Amino acid sequence: MSFLNPRIHVGDWVESAFDWLTQHATWLFDAIKTAVTGLYDAFDTVLSSPPYYVMIIVFALLALVAAGWRRGWKLALFTVVGFYLIRAFDQWNNSMSTISLVLVAVIIALIIAIPIGILAARNRVVSAIVRPILDLMQTLPGLVYLVPVIIVFGIGPTPGVVSTLVFAIPPGIRLTELAIRQVDPEVVEAGKAFGSSDARILRQIQIPLAMPTIMAGVNQVIMLALSMVVIAGFAGAGGLGGQVNQALQTLNLSLGAEAGLAVVIIAVYLDRLSSAIGNRGRAVTS
């Protein structure tokens, strides 16, 4: 190697780091795998055990409650027709597994993203540290996430969940930080003038006023998680991602079309549902 013919072995350094982690932090990865697998299995059991028509009614009622009875009937109608088509495609159990994976990934992603976003909004040093990390997470191709997580967690739903939540976290952090920063400083100063503590101002002023933008971040986290689910099928996550992977391997156009349409239906439902919840939060705060 010379100055005119450079070669930096970054890949070897990363591989050595993961070798060290797999040797010295096995207990941590086993604990994460147990927790994630248990949560995924619990959601999958709850969603897959009842008859499909019962779950369709539940999903439709969620749409009505989220969007309101007067405006939610269109979403409820779409829910009934869409999920009935999923059942007709014979993709019901795979779809419930996919929704379970998305729910687990989104819940963990939001538990991580919202506190970090709040901290970044209140501390410029944290914001400066977090921003390039988020840039890296958002620009790396999705398939790249699968390599390290498969090495650490093996094949199954856990690598799918971990890669999905890592891919989906950035908009949750960014929009939470943006939402807190956009709260009117005069309102915050008024709270301080009345003797409110920083924690109380955050809890009773900043978060309620920032909730519409935070919910927009939640919506983006859900959409990115669902977009990653298909790629997670390459890690053995199962569900619709596994069906798409199988269709690619066997060039089965019929299976790929049915699994792809099921993903679209779920994506539209989750997008409209989260948007409706965000709109209701905006109506309450205004």
Side-chain angles (χ1 to χ4, degrees), residues 17-52 54-55 58-59 62 86 90-116 137 140 142-170 172-173 218 221-249 259 262-263 266-267 269-270 274:
F18 270 91
D19 289 340
W20 186 89
L21 285 173
T22 53
Q23 292 176 6
H24 296 86
T26 303
W27 60 273
L28 176 61
F29 296 133
D30 289 342
I32 293 174
K33 185 174 183 178
T34 300
V36 170
T37 302
L39 192 58
Y40 169 81
D41 289 341
F43 275 115
D44 194 33
T45 300
V46 170
L47 294 176
S48 300
S49 297
Y52 76 91
V54 173
M55 293 308 304
V58 171
F59 292 147
L62 284 175
I86 289 177
D90 196 24
Q91 294 292 339
W92 182 262
N93 288 334
N94 291 320
S95 296
M96 295 305 102
S97 297
T98 294
I99 294 176
S100 300
L101 192 149
V102 170
L103 287 175
V104 174
V106 168
I107 289 172
I108 299 175
L110 293 179
I111 290 174
I112 297 171
I114 292 178
I116 293 177
M137 292 169 65
L140 277 177
L143 284 172
V144 175
Y145 292 119
L146 294 180
V147 178
V149 296
I150 289 176
I151 292 174
V152 173
F153 297 107
I155 300 296
T158 300
V161 169
V162 173
S163 59
T164 299
L165 73 90
V166 171
F167 185 73
I169 277 178
I173 297 176
V218 173
V221 169
I222 293 173
M223 290 299 98
L224 286 178
L226 192 54
S227 69
M228 187 66 181
V229 161
V230 174
I231 298 178
F234 290 99
L240 295 173
Q243 294 291 291
V244 173
N245 185 28
Q246 181 180 342
L248 286 172
Q249 292 179 349
V263 172
I266 294 173
Y269 172 74
L270 293 178
S274 58

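Treat the numbers as computed from the prediction; the structure is a model and nothing was measured.
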Working for side-chain contact (heavy atoms from CB on, under 4.5 Å), residues Ser97 and Phe43: CA-CA 8 Å; Ser97 297; Phe43 275 115; over 6 Å; no

Intermediate values then yes/no, side-chain contact (heavy atoms from CB on, under 4.5 Å), Val102 and Thr164: CA-CA 8 Å; Val102 170; Thr164 299; 5.9 Å; no

Residues Leu226, Thr98; criterion side-chain contact (heavy atoms from CB on, under 4.5 Å); working and verdict: CA-CA 8 Å; Leu226 192 54; Thr98 294; 4.0 Å; yes

side-chain contact (heavy atoms from CB on, under 4.5 Å) evaluation trace for Ile266 with Ile86: CA-CA 9 Å; Ile266 294 173; Ile86 289 177; 4.0 Å; yes

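Between Ala225 and Ala168, the closest heavy-atom pair is N-CB, 3.9 Å. Nearest approach of Thr158 to Lys33, heavy atoms of both residues: OG1-CG, 3.5 Å. Between Ala267 and Met223 the shortest heavy-atom distance is O-CE, 3.4 Å.
Within the model, atoms CG of Leu240 and CG of Asn93 stand 10.5 Å from one another, a figure rounded to the nearest 0.5 Å. Once rounded to the nearest 0.5 Å, the distance linking CD1 of Ile108 with CD1 of Ile169 reads 9.0 Å. For the atom pair Leu39 CG and Leu103 CG, the distance stands at 9.0 Å (nearest 0.5 Å). Within the model, atoms CD1 of Ile222 and CG of Leu270 stand 6.0 Å from one another, a figure rounded to the nearest 0.5 Å. To the nearest 0.5 Å, atom CD1 of residue Ile112 and atom CG of residue Leu165 are 5.5 Å apart. A distance of 11.5 Å separates CD1 in Ile99 from CG in Asn94, rounded to the nearest 0.5 Å.
Taking the ring-ring contact (aromatic ring centres under 6.0 Å, His included) definition, one finds that Tyr269 meets it with Phe59, Phe83, sequence neighbours left out. For Thr26, the side-chain contact (heavy atoms from CB on, under 4.5 Å) partners at least two apart in sequence or on another chain are Asp30.
A distance-only check finds a donor-acceptor pair linking the side chain of Ser163 to the backbone of Gly160 [under 3.5 Å]. In this structure a side-chain-to-backbone donor-acceptor pair under 3.5 Å is missing from Ser48 to Met96.
Within a 6.0 Å radius of CG in Asp41, other residues, nucleotides and ligands contribute more than 12 heavy atoms.
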